[in-house]
Amino acid sequence: MARRRRGRGSTVQQQHAPQNKRGPRRALREPAAFAKSTGCESEIHHEKLTIGQARRGTPAHRPVRVYADGIFDLFHSGHARALMQAKNLFPNTYLIVGVCSDELTHKLKGYTVMTEDERYEALRHCRYVDEVVRDAPWTLTAEFLEKHKIDFVAHDDIPYTSAGSEDVYKHIKEAGMFVATQRTEGISTSDLITRIVRDYDIYVRRNLQRGYTAQELNVGFIKEKKYRLQNQVDKMKETVRTVEERSKHFVYRVEEKSQDLIHKWEEKSREIIGNFLELFGPDGAWHAIQERSGRMLQALSPYSSPRGSPSNSPTRGRSPSPDSSPASASPTSLSPPSSPSSPSPRKKGNRSSLRAASTYSRHVQ
């Protein structure tokens with residue numbers, strides 16, 4: 001059953017869609033059209049509809065024409081959501097939006113930020129809008145409703161007090177042509193203007209920085225100098241803040257690098273000390289090499305006594321030859337004995353014996 005209901009609903013929409021001059025694809029590609037000065041030129045008889053008939057999707061030969069009006073200054077999401085609700089009131093809706101002119105708005109409500117042409121263009125590019133009525137009336141008359149073949153008027157249900165009336169939509173509600181929409185809380189044109197007024201100095205200083213003149217911003221000479229001085233102070237503060245951040249980052253990097261270097265140096269120093277102890281410690285390889293080399297040297301070289309020790313003299317352990325006498329071991333016994341018949345060669349013999357003794361001692365040493 002649910003499937004059949006969806007099928008019947010889609011069939012109604014398909015029947016109504018060709019009657020709409022602006023299809024959904026065209027609405028997404030092109031801006032909404034402006035209403036003609038002569039109003040709606042449809043040749044189809046415009047019979048009065050009830051809300052119940054409109055909600056059921058009837059009549060099948062034409063869409064339901066819904067009208068929503070306003071100032072739409074500083075067009076925002078609250079405006080768009082109200083138009084979205086008006087567009088989705090009925091299965092087949094043709095939404096007409098009326099925008100009041102600057103002259104009428106300034107007279108009855110107040111000064112606007114956007115001009116009327118800017119407000120017209122903002123509405124034309126909203127996806128929910130099918131037609132825009134320029135210079136819309138402040139209070140809707142029966143002639144205006146008949147001219148544009150309007151079936152229903154969409155607006156929020158809060159009484160709109162203006163132009164000496166407690167509610168400008170009172171007669172529309174009494175005629176059964178009013179359909180209520182919901183306001184979006186937290187956003188309105190007045191709220192946006194309040195924000196601008198509250199932060200006036202900030203926006204003036206920003207626009208001065210962007211190249212606007214004091215005359216364009218309606219700022220006096222003294223205030224202009226004050227704002228420019230504040231801009232310079234802010235730039236200096238920003239520069240100081242940037243330098244501080246960079247210096248903090250640099251110090252952090254230096255500390256990080258120093259900690260890394262210290263850590264690496266500690267690891268390297270431990271490695272060096274360990275290698276040194278392993279090589280030169282009491283149980284190290286160098287001590288073992290020294291012991292081995294000492295043993296090898298002792299094994300290869302004979303034991304020698306110190307010089308001048310009579311007990312370890314090499315000549316002391318020798319056995320005397322049979323030819324030699326005890327007196328021949330002395331230095332004087334090396335020289336031949338002198339004969340009594342030749343006294344002169346004694347001196348010469350003494351010198352040669354001394355030479356022989358010194359030569360022998362050198363050999364022995």
Side-chain angles (χ1 to χ4, degrees), residues 12 15-23 27 31-72 79 82-83 85-105 107-109 116 119-120 123-124 126 128-181:
V12 172
Q15 290 175 354
H16 292 172
Q19 301 297 330
N20 192 348
K21 295 181 180 179
R22 298 182 67 252
F34 284 118
K36 296 181 181 180
S37 58
T38 56
C40 181
E41 298 179 353
S42 176
E43 298 178 357
I44 302 174
H45 178 68
H46 187 264
E47 70 277 7
K48 189 175 179 59
L49 297 176
T50 64
I51 292 180
Q53 291 175 334
R55 293 190 187 282
R56 288 193 300 267
T58 56
H61 59 278
R62 71 171 180 87
V64 180
R65 295 174 68 85
V66 178
Y67 178 82
D69 61 354
I71 309 302
F72 300 105
H79 295 142
L83 297 177
Q85 295 176 54
K87 180 68 174 177
N88 294 315
L89 285 172
F90 308 109
N92 188 16
T93 303
Y94 184 82
L95 182 59
I96 306 165
V97 180
V99 184
C100 300
S101 64
D102 286 346
E103 181 181 358
L104 189 62
T105 304
K107 178 181 178 181
L108 298 177
K109 186 173 183 179
E116 59 180 277
R119 293 185 282 118
Y120 296 154
L123 265 298
R124 290 186 69 198
C126 179
Y128 310 112
V129 179
D130 296 300
E131 186 177 316
V132 175
V133 177
R134 292 173 289 192
D135 194 11
W138 199 261
T139 303
L140 300 177
T141 62
E143 293 78 14
F144 181 83
L145 297 175
E146 180 63 28
K147 176 181 177 181
H148 293 280
K149 302 294 189 293
I150 295 171
D151 294 311
F152 299 98
V153 176
H155 200 273
D156 60 82
D157 202 14
I158 301 174
Y160 194 85
T161 304
S162 180
S165 174
E166 294 180 359
D167 189 1
V168 295
Y169 297 104
K170 182 179 180 181
H171 64 290
I172 303 296
K173 294 177 182 177
E174 292 175 351
M177 299 176 62
F178 186 85
V179 184
T181 58

Next on the checklist: Nearest 0.5 Å, please: how far is NZ in K36 from CD in E131?
Outcome noted: 9.5 Å
Next on the checklist: Please find the pair of heavy atoms, one from A86 and one from L95, that lie closest to each other, and give the distance.
Outcome noted: CB-CD1, 3.8 Å
Item to check | Spacing of R62 atom CZ and L49 atom CG [to the nearest 0.5 Å] | outcome: 4.5 Å
Next on the checklist: Once you measure the plane-to-plane angle for H79 and F72, does it fall in the parallel (<30°), tilted (30-60°) or perpendicular (>60°) bin?
Outcome noted: perpendicular
Checklist entry - Can you tell me how far CG of L140 sits from CG of D69, rounded to the nearest 0.5 angstrom? => result 5.5 Å
Next on the checklist: Please find the pair of heavy atoms, one from F152 and one from A54, that lie closest to each other, and give the distance.
Outcome noted: CE1-CB, 3.8 Å
Checklist entry - Does a donor on one side chain and an acceptor on the other come within less than 3.5 Å for Y94 and D151? => result no
Next on the checklist: If I take atom CG from residue L83 and atom CG from residue L123, how far apart are they, to the nearest 0.5 angstrom?
Outcome noted: 6.5 Å
Next on the checklist: So, using side chain to side chain donor-acceptor pair (under 3.5 Å) as the criterion, who are the partners of Y128 when residues are at least two apart?
Outcome noted: none
Item to check | With sequence neighbours excluded, residues passing side chain to side chain donor-acceptor pair (under 3.5 Å) with T181 | outcome: none
Checklist outcome for this item: Residues at least two apart in sequence or cross-chain that pass salt bridge (charged side-chain N to carboxylate O under 4.0 Å, His left out) with R65, listed by chain then number, are none
Checklist entry - By side chain to side chain contact (heavy atoms under 4.5 Å, CB included), which residues pair with S37, not counting sequence neighbours? => result none
Item to check | Which residues share a side chain to side chain donor-acceptor pair (under 3.5 Å) with E116, sequence neighbours left out | outcome: Y120
Checklist entry - Restricting to pairs with a member in residues 164-176, which pass salt bridge (charged side-chain N to carboxylate O under 4.0 Å, His left out), not counting sequence neighbours? => result D157-K173, D167-K173
Checklist entry - If you look at every heavy atom in F90 and V179, which pair is closest and at what distance? => result CZ-CG2, 4.3 Å
Checklist outcome for this item: Sorted by chain and number, sequence neighbours left out, side chain to side chain contact (heavy atoms under 4.5 Å, CB included) with T105 holds for I71, C100, K109, T112, R119, W138
Checklist entry - Looking at CD1 of I96 and CG of D130, how far apart are the two atoms once the value is rounded to the nearest 0.5 Å? => result 8.5 Å
Checklist entry - Who are the side chain to side chain contact (heavy atoms under 4.5 Å, CB included) partners of E146, not counting sequence neighbours? => result K149
Checklist outcome for this item: Sorted by chain and number, sequence neighbours left out, ring pair (Phe, Tyr, Trp, His ring centres under 6.0 Å) with F144 holds for Y67, H148
Checklist entry - For the residue pair A154 and V66, what are the closest heavy atoms and their distance? => result CB-CG1, 3.9 Å
Item to check | Derivation and outcome, side-chain contact (heavy atoms from CB on, under 4.5 Å), residues L89 and I51 | outcome: CA-CA 10 Å; L89 285 172; I51 292 180; over 6 Å; no
Checklist entry - Passes side-chain contact (heavy atoms from CB on, under 4.5 Å), Q53 versus V64? Steps please. => result CA-CA 10 Å; Q53 291 175 334; V64 180; over 6 Å; no
